[in-house]
Amino acid sequence: MDYINDMLDISKKKDLKRAVHFQKKLAFHVLLSGTPVLDTVLGFDASYLEKDGKEYIISTCSLFERKENNFVFWKNFYSIDEVFFPYIPGFFTFREGVGFISCWDKIPLSVRKKVSLIMVDGHGIYHPHRAGLAVYIGIVTQIPTIGCAKQGFLGNYTMPGLKRGDRAPIIFDDEIVGIVLRTRDYVKPMWISPGHLISIDSLSRVVLDLTENYRIPLPIREAHIFSKKLKNML
DNA sequence: GCGACAG
DNA sequence: ATCTTGTCGC
Ligand SMILES: [Mg+2]
């Protein structure tokens with residue numbers, strides 16, 4: 001099946017019935033194993049803008065490379081597209097997935113193939129059909145992907161301890177689908193779940209390695225700042 | 001049926 | 001996500 005064109009078509013037609021079916025198929029192909037190598041990490045985020053009654057999404061991909069024991073900014077990419085699909089919890093892929101595909105297209109193949117991990121501002125398998133935005137991106141790119149959300153969603157979880165590194169499992173449909181992870185002392189935690197090609201056990205190690213002075217993982221934070229900067233320049 | 005509900 | 005300045009607290 002054509003994950004890209006099918007998703008784009010569903011998004012443009014706002015076809016929720018097909019969207020549900022699409023997500024169920026997506027979930028079937030998720031692989032919850034693997035510990036990604038952290039060489040080049042990509043962070044994805046987006047911001048929105050209204051112009052002449054039309055809504056546009058400003059999508060950004062920020063790349064960081066590991067040098068020794070820390071990550072150094074490499075380069076940014078962006079795209080701007082009109083969006084038709086509204087924000088509906090549980091159908092985020094059909095809104096921001098469109099932006100990701102567009103931005104990913106801007107990245108040269110030589111750069112793309114260096115990416116060893118993708119971090120997404122949203123959920124992975126912690127989703128009604130175990131097919132959040134991070135799952136979609138992971139399956140389309142076939143690169144290990146992690147969903148890093150700023151808020152919880154469905155299911156059950158308890159809040160972790162107050163220190164960086166403290167965590168608690170997220171349970172949905174009687175299964176552990178991710179973790180609530182404290183990335184900074186005394187600061188609101190992050191809700192982390194696998195997108196594709198990564199195990200739940202390796203989630204905390206990877207996310208903590210990419211968060212030091214801020215709550216949000218470095219690549220996602222940079223993508224967020226960059227998309228807003230672009231927006232304010234238009 | 002009602003309310004909650006990633007960004 | 002977006003509309004928005006200063007301000008309080010860890
Ligand atoms: Mg975002």
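Computed from heavy atoms alone, side chains included, the values below leave out hydrogens, waters and symmetry copies. Below, chain A is the first sequence line, B the second, and so on; all start at residue 1.
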Going by the rule side-chain hydrogen bond (donor to acceptor under 3.5 Å, both in side chains), which residues pair with A/Asp2 if we only count those two or more places apart in sequence or in a different chain?
A/Asn5
With a 4.0 Å cut-off, would you call A/Lys150 and A/Asp121 a salt bridge?
yes
Using a 4.0 Å cut-off on heavy atoms, which residues in residues 220-234 of chain A reach DNA chain C? List them by number, or say none.
A/His224, A/Lys228, A/Lys231
Donor on one side chain, acceptor on other, A/Glu96 and A/Tyr48, under 3.5 Å:
yes
Which atoms of nucleotides 4-10 of chain C (N or O only) lie under 3.5 Å from a protein N or O atom, and what are those distances?
none

Are side-chain N/O atoms of A/Ser62 and A/Asn76 paired as donor and acceptor at under 3.5 Å?
yes
Separation of B/dG7 C1' from A/Met190 CE (nearest whole Å)
12 Å
Rounded off to whole Å, could you give me the CD1-to-P distance for the A/Ile58 and C/dA1 pair?
13 Å
Applying a 4.0 Å non-hydrogen cut-off, can you work out what A/Asp45 is touching in the nucleic acid: base, sugar-phosphate, or nothing?
sugar-phosphate
Dot-bracket pairing map - DNA chain B, Watson-Crick plus G-U, both contacts under 3.5 Å, | cross-strand
.......
Side-chain donor-acceptor pairs under 3.5 Å in residues 104-118 of chain A, sequence neighbours left out?
from	atom 1	to	atom 2	distance (Å)
A/Arg112	NE	A/Trp104	O	3.2
A/Arg112	NE	A/Ile107	O	3.1
A/Arg112	NH2	A/Trp104	O	3.1
A/Ser116	OG	A/Val37	O	2.7
A/Ser116	OG	A/Asp39	N	3.2
A/Ser116	OG	A/Thr40	N	3.4
A/Ser116	OG	A/Thr40	O	3.2

For residues A/Arg215 and A/Thr183, is any side-chain donor paired with an opposing acceptor at under 3.5 Å?
no
Check: protein-nucleotides 4-6 of chain B nitrogen or oxygen pairs below 3.5 Å:
from	atom 1	to	atom 2	distance (Å)
B/dA6	OP2	A/Tyr87	OH	3.0
B/dA6	O4'	A/His123	NE2	3.2
B/dA6	N7	A/Gly90	N	3.0
B/dA6	N6	A/Phe92	N	3.1
B/dA6	N1	A/Leu133	N	3.3
B/dA6	N3	A/His123	N	2.9

Determine, for A/Asp9 against A/Arg18, whether the closest basic-nitrogen to carboxylate-oxygen distance falls under 4.0 angstrom.
yes
How many whole angstroms separate atom OH of A/Tyr48 from atom P of B/dG7?
11 Å
Return the set of residues passing side-chain contact (heavy atoms from CB on, under 4.5 Å) with A/Lys24 (not counting sequence neighbours), or none when no residue passes.
A/Val20, A/His129
List for me each residue that meets side-chain hydrogen bond (donor to acceptor under 3.5 Å, both in side chains) alongside A/Glu55, sequence neighbours excluded, and say none if there are none.
A/Arg95
Counting only heavy atoms not in A/Phe73, do more than 12 fall under 6.0 Å of its CZ?
yes
Are A/Arg184 and A/Glu212 within salt-bridge range, i.e. N to O under 4.0 Å?
no
Who are the salt bridge (charged side-chain N to carboxylate O under 4.0 Å, His left out) partners of A/Lys163, not counting sequence neighbours?
A/Asp185
Distance check needed: C/dA1 P versus A/Lys51 NZ, whole Å only.
22 Å
Listed range with range, the stems formed with DNA chain C by at least 3 consecutive Watson-Crick or G-U pairs (under 3.5 Å) are none
In chain order, what residues pass the side-chain contact (heavy atoms from CB on, under 4.5 Å) check against A/Gln151, with sequence neighbours excluded?
A/Lys188
Under the rule for salt bridge (charged side-chain N to carboxylate O under 4.0 Å, His left out), what residues qualify as partners of A/Arg182, not counting sequence neighbours?
none
For the residue pair A/Phe94 and A/Phe85, is the inter-centroid distance of their aromatic rings smaller than 6.0 Å?
yes
